Number of protein chains: 2
Amino acid sequence: MTDVKSGPNPLFLREEELRQAIELLFFAYRDFTAEPDQILADYGFGRAHHRVIYFVGRHPAIAVSELLQILGITKQSLSRVLGQLVAEGFIRQRPGQRDRRQRLLELTEKGAALERQLTENQRNRVARAFREAGAEAVEGFRGVLVNIMDEGNRARFAPPDSHAHGSDAPSTSSTGRR
Amino acid sequence: MTDVKSGPNPLFLREEELRQAIELLFFAYRDFTAEPDQILADYGFGRAHHRVIYFVGRHPAIAVSELLQILGITKQSLSRVLGQLVAEGFIRQRPGQRDRRQRLLELTEKGAALERQLTENQRNRVARAFREAGAEAVEGFRGVLVNIMDEGNRARFAPPDSHAHGSDAPSTSSTGRR
DNA sequence: GATTTTACGTCAGTCATGTTGACATATATG
DNA sequence: CATATATGTCAACATGACTGACGTAAAATC
């Protein structure tokens, strides 16, 4: 470590710490997506296909509008990708029974197989990282990432025991002082 | 794997935990980059410009080849982005004195100002997350993300007390991927 | 000193993924 | 019936990545 002239200088350390976190996110996310991208290329697919396959697998019978909300893209963007996945038999569409305008999406066996292949890769990577970092670190990882997210997205990651009164009232940690 | 439906089923919990981590990375990274992307749009720039500005700011007088290694893209891809940044006066190039083939890059005042604006945003987001999650969580966050990264990239994030003798010990075995 | 390698640039084409805007169709709902 | 909603589609465009080929100056090596 380079020794600091004229005292510890906490401001500099903090700046350095924050920049390291920024870079950590950049490099980790890139490596995290690199291998699935490779696999997808064999199918002529890209990362966008991965996302669609992932979230359709995660939410079977999801409506297009819900998927659009999760992905945060336009229907025209989704259309191309989803159209390919349907045309090539990775995703099946059925009209909703409550609302027949909806086209509910689910993975076919073929789609589920690809989902497994892609997710297994990332899951293994995360599992390894969790194992090497330890259980406490996992909690810290989640705590920080949840707070990096926009508040509106945090609801998906609410702790299991949280009994939400009323609608949401997020602002989980009011006592973050140290 | 066969799914077991009776009892607490730790395997299912683990699967759920890992999937939550995968999604956490997706949503957090997206939100993390959204605001800078907005700012960049005002300048007619994109996320690629951000990365270049960031790393040139972080490593003043960096050579093009080093920047390419960090970014992990081709020189043709960098060329357009870097060319714009130089043409519009955000980055300055000077020939290296030890090796005059090199064009060493550094931010101009204008470039440094934009870098500050962009990074301040992400730094504030991370700072808030660190504050809310607590100091222990920060260590966990780093521990997990470092292990999610490919090994070849971890050297940048070595802890200060790292037993590496020789001060830098790059060992950048990473060749250009794909 | 000649040759080869390196650092960098550039032209040209392609692909994946996002965007807007406009319009169409079927169904639900008032 | 009128209108809103869910979805799809056509067209045009921007960004950022890729490959391949070629060029030039300087360094390194034989």
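We use all heavy atoms of the structure for the numbers below, so side chains are in, but hydrogens, waters and symmetry mates are not. The structure displayed is predicted, hence computed values, not measured ones. Below, chain A is the first sequence line, B the second, and so on; all start at residue 1.
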>> Salt bridge or not between B:Arg19 and B:Glu15? Use side-chain N to carboxylate O under 4.0 Å.
In response: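 The answer is yes: the pair qualifies as a salt bridge.
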> Below 4.0 angstrom, N of the basic side chain to O of the carboxylate: do B:Arg125 and A:Asp150 qualify?
Replying inline: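 Here B:Arg125 pairs with A:Asp150 in a salt bridge, since their nearest N and O are under 4.0 Å apart.
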Taking N and O atoms by type only, does the side chain of [X] place a donor or acceptor under 3.5 Å from a partner on the base of [N]?
{"X": "B:Arg100", "N": "C:dA7", "answer": "no"}
{"X": "A:Arg47", "N": "C:dG18", "answer": "no"}
{"X": "B:Arg101", "N": "C:dT6", "answer": "yes"}
{"X": "A:Gln76", "N": "C:dG21", "answer": "yes"}

Need one value for [X]: base, sugar-phosphate or nothing, where a base atom within 4.0 Å counts as base even if backbone is also close, heavy atoms only.
{"X": "B:His50", "answer": "nothing"}
{"X": "B:Gln84", "answer": "nothing"}
{"X": "A:Ser65", "answer": "sugar-phosphate"}

>> Consider salt bridge (charged side-chain N to carboxylate O under 4.0 Å, His left out). Of A:Arg58, A:Arg154, A:Arg142, which one does B:Glu23 pass it with?
In response: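 The option that passes is A:Arg58.
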Once you round it to whole Å, what is the distance between [atom2] of [N] and [atom1] of [X]?
{"X": "A:Gln38", "N": "D:dC18", "atom1": "CD", "atom2": "C1'", "result": "13 Å"}
{"X": "B:Ile91", "N": "C:dC8", "atom1": "CD1", "atom2": "P", "result": "14 Å"}
{"X": "A:Arg98", "N": "D:dT5", "atom1": "CZ", "atom2": "P", "result": "16 Å"}
{"X": "B:Lys75", "N": "C:dG9", "atom1": "NZ", "atom2": "P", "result": "9 Å"}
{"X": "B:Leu105", "N": "C:dA7", "atom1": "CG", "atom2": "P", "result": "14 Å"}
{"X": "A:Leu71", "N": "C:dA16", "atom1": "CG", "atom2": "P", "result": "18 Å"}
{"X": "B:Asp99", "N": "D:dA26", "atom1": "CG", "atom2": "P", "result": "10 Å"}
{"X": "B:Leu68", "N": "C:dG9", "atom1": "CG", "atom2": "C1'", "result": "11 Å"}

So, is [X] near the phosphate of [N], with a side-chain N or O under 4.0 Å from OP1 or OP2?
{"X": "B:Gln93", "N": "C:dG9", "value": "yes"}
{"X": "A:Ser77", "N": "C:dT19", "value": "yes"}
{"X": "A:Ser79", "N": "D:dG8", "value": "no"}
{"X": "B:Arg103", "N": "C:dG9", "value": "yes"}
{"X": "A:His49", "N": "C:dT17", "value": "yes"}
{"X": "A:Arg51", "N": "C:dG18", "value": "yes"}

>> Judged by each residue's nearest nucleotide on DNA chain C, which is more toward the 5′ side, B:Val64 or B:Arg80?
In response: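 Checking each residue's closest nucleotide, the 5'-ward one belongs to B:Val64.
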>> Both A:Phe45 and A:Gln97 contact DNA chain C. Taking the nearest nucleotide for each, which residue is further toward the 5' end?
In response: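 Closer to the 5' end of DNA chain C: A:Phe45.
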> For A:Gln93, does the CD atom sit with more than 12 other heavy atoms under 6.0 Å from it, leaving out its own atoms?
Replying inline: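 Atom CD in A:Gln93 is packed in, count exceeds 12.
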> Given the rule in the salt bridge (charged side-chain N to carboxylate O under 4.0 Å, His left out) test, do B:Arg92 and B:Glu109 qualify, once you have shown the distances and angles that lead to the verdict?
Replying inline: CA-CA 10 Å; B:Arg92 186 189 310 128; B:Glu109 233 340 287; over 6 Å; no
> side chain to side chain donor-acceptor pair (under 3.5 Å) with A:His49: which of A:Gln84, A:Arg80, A:Glu88?
Replying inline: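 Looking at A:Gln84, A:Arg80, A:Glu88, the match for A:His49 under the side chain to side chain donor-acceptor pair (under 3.5 Å) is A:Gln84.
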>> Heavy atoms from C-beta onward define the side chain here; which of C:dG18, D:dA17, D:dT7 lies closest to that of B:Ala48?
In response: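 From the listed options, D:dA17 comes nearest.
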